[in-house]
Every structure is written in structure tokens, then in C-alpha cells.
Amino acid sequence: MENKFIDSHAHLDDERFNKDREDVINALNENGIEAVLDPGADLNSSKLAVALADRYPFIYAAVGCHPHDSKFMNDDAMNTFRQLAKNKKVVGIGEIGLDYFYDNSDRETQKIWFREQIRLAKELDLPYIVHDRDAHEDVFRIMKEEHYDGTRGILHCYSSSVEMAKEFVKLGFYISLGGPVTFKKSKTPKLVAKEIPLDKLLIETDSPYLTPEPFRGKRNEPKYVRYVAEEIARIKEVPVEVIAENTRENFKKLFKL
Ligand code: NI
């Protein structure tokens with residue numbers, strides 16, 4: 001039987017899918033993909049993600065502003081996210097967080113809108129999806145300070161240590177691994193795959209970015225999530241079906257599907 005995977009993070013709204021988006025989406029099921037979550041990166045991409053979720057039963061959306069674009073955020077945008085989140089196919093707030101690698105928005109601005117969007121997740125009782133690049137300490141501190149009963153969500157394309165991963169799990173979060181776990185030189189994600197229990201793991205592509213081996217360099221697509229699952233299966237010494245099934249169940253539990 002075909003393994004059915006859920007890709008917990010793919011930007012199908014991204015312009016790199018403009019030429020063949022329908023073909024990619026229509027082939028998802030035959031490529032073994034049961035469902036995909038498309039997280040917003042800004043106001044426009046959040047709207048596009050919601051439109052895709054409205055159109056396809058197996059696509060879900062999150063709405064929010066990526067730290068890169070937090071310099072463009074304002075209260076009007078927050079209200080639009082609030083309105084968009086009324087749609088039943090919007091299952092989370094994201095992706096939100098901090099990115100100190102690119103610093104596309106200044107760090108104080110990133111922190112302000114990370115906090116505000118966590119509060120929006122709390123107000124709407126939705127999980128939130130966290131982007132953390134080279135900002136582990138501040139991400140963890142803000143999440144701890146903003147922690148509330150019912151906090152839950154995903155650390156997407158997790159890149160920090162095993163110890164931190166365990167702390168995020170304690171805060172109510174799932175750890176999602178992507179393409180980097182398949183890269184020979186990236187040791188930490190492999191350790192995380194080994195140490196974090198299966199009931200706390202998710203898999204993702206972050207399409208169109210971070211393409212796993214053996215397709216590194218090409219545009220990423222949800223169908224390649226299989227290679228992420230296969231690497232985790234190899235590390236955990238279990239059949240890939242076990243990874244597929246557990247990550248599907250975790251996804252459905254988190255988003256109450
Ligand atoms: Ni992303």
C-alpha cells in the first residue's frame with residue numbers, strides 16, 4: 001500500500017509554483033500525500049493560502065507574518081488575519097518567529113510582531129507555527145513569557161539542539177523536521193530525529209525551499225516529504241510506514257482534524 005504522508009509545511013502559494021501549481025496539487029494524492037499545510041508568510045500569501053485551502057479539501061492554511069516581513073506589519077494586517085482565521089480551513093497562526101540570519105526586518109520589530117501574533121493565536125485558540133533561524137534564545141524566551149494554558153504548535157524546520165527541542169516539547173510543541181535531516185553534514189537534525197519521541201515529531205518540506213537529498217538544488221515539492229520520512233525511519237530503525245502513520249496522527253491531533 002502507498003504510504004500516505006502529511007506535509008506539515010509547504011508554501012504552495014509561492015510564486016515558484018505559479019506555472020504549474022494546479023498540476024503539482026492535483027498530483028499530490030497519487031504521489032502519496034494525504035494533506036498539506038500552507039502557512040502564510042505575509043498578508044498576501046496568507047490570503048493566497050486560504051484561497052487554496054478553500055479550493056482543495058486536502059490543503060489547510062495558516063495565516064501570519066514571517067519575521068522577514070514584520071517591518072510591514074500593522075494593526076490592520078492583524079485584523080485581516082483575525083478575519084481570515086474565521087475560515088474553517090485556517091487551522092493555525094504562522095509562520096511567525098525570529099530570523100537573525102537574514103535580519104530582513106530589525107530585531108526589535110521582529111520581536112514585537114512575534115509576540116503580537118502569539119497573542120492572536122491565544123485569542124483565537126489556534127496552534128502557532130514558529131520559524132527560528134539563529135535566534136534560538138530569544139525565540140524560547142518570548143515563547144516562555146507568552147506561554148498560556150492551551151499553548152500548542154510547531155517548531156518548523158527545527159534547527160536547534162536536542163536539549164532545546166525537549167524544552168519546546170514541554171511548552172506544548174511538536175518538532176517538525178525537513179530537508180536538512182537528509183543532508184550528510186547536518187548532524188543536529190539527525191540527533192533530534194533520534195532523541196525526540198515519535199509522538200512529538202512532524203515532517204515537512206518547506207517547499208519550494210530546502211529540498212531534501214537526492215533532489216537538493218531543485219525546487220522542493222510536497223511529494224519529496226517521503227525522503228524526510230525515510231531518513232527519520234532509518235535513524236529510528238523503524239519502517240517508514242511507522243513514521244508516516246505517527247506524523248499523520250500527530251498532525252491531526254494538533255489541528256483537531
Ligand atoms: Ni516556511
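Every number for a ligand or one of its atoms is a count from 1 in the order of the listing. Remember, predicted model here, so these are calculated numbers, not experimental data.
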For this session: Give a yes/no answer: is there an N/O/S atom of His11 under 2.8 Å from the Ni ion (ligand 1)?
Result: yes
Please confirm if an N, O or S atom belonging to His9, backbone or side chain, lies less than 2.8 Å from the Ni ion (ligand 1). yes
Of all the N, O or S atoms in Glu95, the one nearest to the Ni ion (ligand 1) is OE2
Among the N/O/S atoms of Asp206, the Ni ion (ligand 1) lies closest to OD1
When Arg141, Arg115, Lys122 are each screened for salt bridge (charged side-chain N to carboxylate O under 4.0 Å, His left out) with Glu146, the one that passes is Arg115
query: Should the pair Arg216 and Phe183 be classed as cation-pi, given the thresholds of under 6.0 Å to the six-membered ring centre and 45° from the axis?
result: yes
(Q) Ring of Phe5, cation from Arg226 - is the NZ or CZ under 6.0 Å from the centre and inside 45° of the axis? (A) no
Does any donor atom in the side chain of Thr247 or Asn250 lie under 3.5 Å from an acceptor atom in the other side chain?
no
